[in-house]
2 protein chains.
Amino acid sequence: MAHLSDRIRALFSPNRQLLIQLEHLIGFVPKRIVFYQMALMHKSQPEGENESNERLEFLGDAILGAIIAEYLFKKYPNKPEGFLTELRSKIVRRETMNNVAMQMGLNKLMHYNQQDKGLRSSHIFGNALEALIGAIYLDRGFINTRDFILNHFIRSYIDLDKMESTDSNYKNQFLSWAQRNNYTVSFETLSENNEGQRKLFTVGIMLNGELFASGTGYNKKEAGQSASQKGIEKMNQM
Amino acid sequence: MAHLSDRIRALFSPNRQLLIQLEHLIGFVPKRIVFYQMALMHKSQPEGENESNERLEFLGDAILGAIIAEYLFKKYPNKPEGFLTELRSKIVRRETMNNVAMQMGLNKLMHYNQQDKGLRSSHIFGNALEALIGAIYLDRGFINTRDFILNHFIRSYIDLDKMESTDSNYKNQFLSWAQRNNYTVSFETLSENNEGQRKLFTVGIMLNGELFASGTGYNKKEAGQSASQKGIEKMNQM
């Protein structure tokens with residue numbers, strides 16, 4: 001996609017350096033640099049107070065979700081919806097996105113308050129990657145964004161086979177974390193409701209007697225997995 | 001989009017009636033009817049056990065989310081991310097989708113177990129509308145799906161001004177429901193965790209002393225709203 005005319009334009013641009021870095025990252029020279037500058041602007045910067053990447057993150061997150069959904073839908077024609085949903089959530093979860101963003105080197109291009117050590121653990125690079133996807137979409141449209149996500153994101157950084165077989169037994173993962181940290185854990189059924197002909201269960205994880213996370217599902221096992229997944233997200237933030 | 005050749009094809013098709021009904025609904029004659037037939041097949045039908053609309057619903061939900069995100073992003077250039085997220089969730093929530101699907105008459109085209117009275121309250125028509133969006137996407141691609149969503153969904157059925165100003169004070173809504181049903185309600189802060197420099201609160205709604213729903217947010221008010229929203233969803237299923 002890197003046309004010669006775009007290259008020549010980049011060479012004479014005041015944003016020469018950024019354009020070259022972005023070309024390296026996304027595979028083409030941006031046309032409208034302003035979207036990308038916004039995608040790289042965290043609200044912890046003074047300039048970011050009015051114009052940060054949060055709106056672009058909202059857009060990019062949605063576009064990414066749609067493109068991954070289509071990709072998985074077509075790649076796994078015989079798998080049920082639950083499989084697709086679970087695999088997508090593994091791909092787009094904050095930890096994955098943040099890791100990929102750092103492997104891409106997106107953190108080096110970002111503007112954020114580097115004094116704020118807490119920011120590094122709050123997935124701002126993954127959020128910026130979503131914002132970058134929003135910027136590409138506005139700059140180049142759906143098809144080019146799909147090319148970027150398939151070629152520069154999924155095929156370059158996501159090991160689908162590994163992810164598919166990754167222990168998605170969140171309950172085991174959660175229990176082993178709780179054990180390492182000497183918490184007393186119990187799973188309790190908080191409620192059972194009827195949804196159509198099916199029952200919907202809510203299971204809560206009690207940590208030292210206090211509700212730590214809860215999840216819902218059409219059976220207790222599913223609800224316990226959902227609660228554990230939320231518990232894991234929460235423990236990652238602790 | 002309704003080309004004459006598509007019309008002629010429809011007239012001589014064994015699926016003539018369905019093609020004409022669909023043209024009326026979506027504004028063009030489908031090319032590959034098989035996607036639409038699948039979108040209209042609920043898993044409560046014997047034929048739906050292997051091939052129901054659930055996978056298409058997964059795809060359509062994602063495509064819808066992306067297109068609404070772009071639409072709101074462009075329509076409200078000065079609104080923050082939180083506004084866009086909230087408005088989108090009002091548009092795509094199960095109740096809205098189900099109502100629109102019924103106004104469209106999608107329920108009349110669907111195949112589902114009509115003996116199962118519980119199904120009608122479990123948003124199967126809204127789910128089928130999402131599946132229909134998935135079918136349109138596979139049949140006609142992104143741009144045509146966007147046209148359908150903007151012209152036949154948003155502009156025809158969604159009153160954005162009204163939705164924008166709708167009481168999104170879920171806590172008030174929840175409290176008035178609980179009062180009507182003589183429940184004792186209290187809101188309790190279940191946990192406070194650090195996420196970067198920010199605190200993340202979890203607030204639970206206790207109904208007659210039992211945890212009914214919980215939600216998280218960056219302050220207690222936000223967490224209470226989120227818990228109330230989940231409480232409302234849950235009460236709608238009761």
Option that, when pairs with chain B are counted at under 4.5 Å, heavy atom only, ranks first among A/Pro77, A/Pro80, A/Ala213: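 Option with the greatest count: A/Pro77.
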
Closest heavy-atom pair and its distance - B/Ala62, A/Gly65: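 In this case the closest contact between B/Ala62 and A/Gly65 is CB-O, 3.9 Å.
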
B/Arg55 versus A/Tyr76, closest heavy-atom pair with distance: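 Taking every non-hydrogen atom into account, NH1-O, 2.7 Å.
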
Distance-only donor-acceptor check, side chains B/Thr216 and A/Lys234, under 3.5 Å: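 No pair is found: no donor N or O on one side chain lies under 3.5 Å from an acceptor on the other.
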
Interface residue of largest heavy-atom contact number with chain A, from B/Arg88, B/Arg146, B/Glu57, B/Glu210, under 4.5 Å: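 When all of B/Arg88, B/Arg146, B/Glu57, B/Glu210 are compared, B/Arg88 has the most.
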
Most chain A-contacting option - heavy-atom pairs closer than 4.5 Å, from B/Leu211, B/Ile63, B/Leu84: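 Answer, by heavy-atom pair count under 4.5 Å with chain A: B/Leu84.
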
Structural part of B/Ser191 lying under 4.5 Å from a heavy atom of chain A: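 Just the side chain, heavy atoms under 4.5 Å.
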
Part of B/Phe83 lying under 4.5 Å from any heavy atom of chain A: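 No part of B/Phe83 comes within 4.5 Å of chain A.
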
Under 4.5 Å from any heavy atom of chain B - which part of A/Thr85: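 For A/Thr85, the contact with chain B is made by backbone and side chain together.
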
Contact origin within A/Leu56 toward chain B - heavy atom pairs under 4.5 Å: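 Its backbone and side chain both get close to chain B.
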
Verdict with supporting geometry, B/Phe212 and A/Leu190, side-chain contact (heavy atoms from CB on, under 4.5 Å): CA-CA 7 Å; B/Phe212 181 73; A/Leu190 301 172; over 6 Å; no

Geometric class of the A/Phe142/B/Phe142 ring pair [parallel <30°, tilted 30-60°, perpendicular >60°]: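 Judged by the thresholds at 30° and 60°, the geometry between B/Phe142 and A/Phe142 is parallel.
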
Verdict with reasoning, B/Ser52 to A/Glu81, per side-chain contact (heavy atoms from CB on, under 4.5 Å): CA-CA 10 Å; B/Ser52 79; A/Glu81 174 274 327; over 6 Å; no

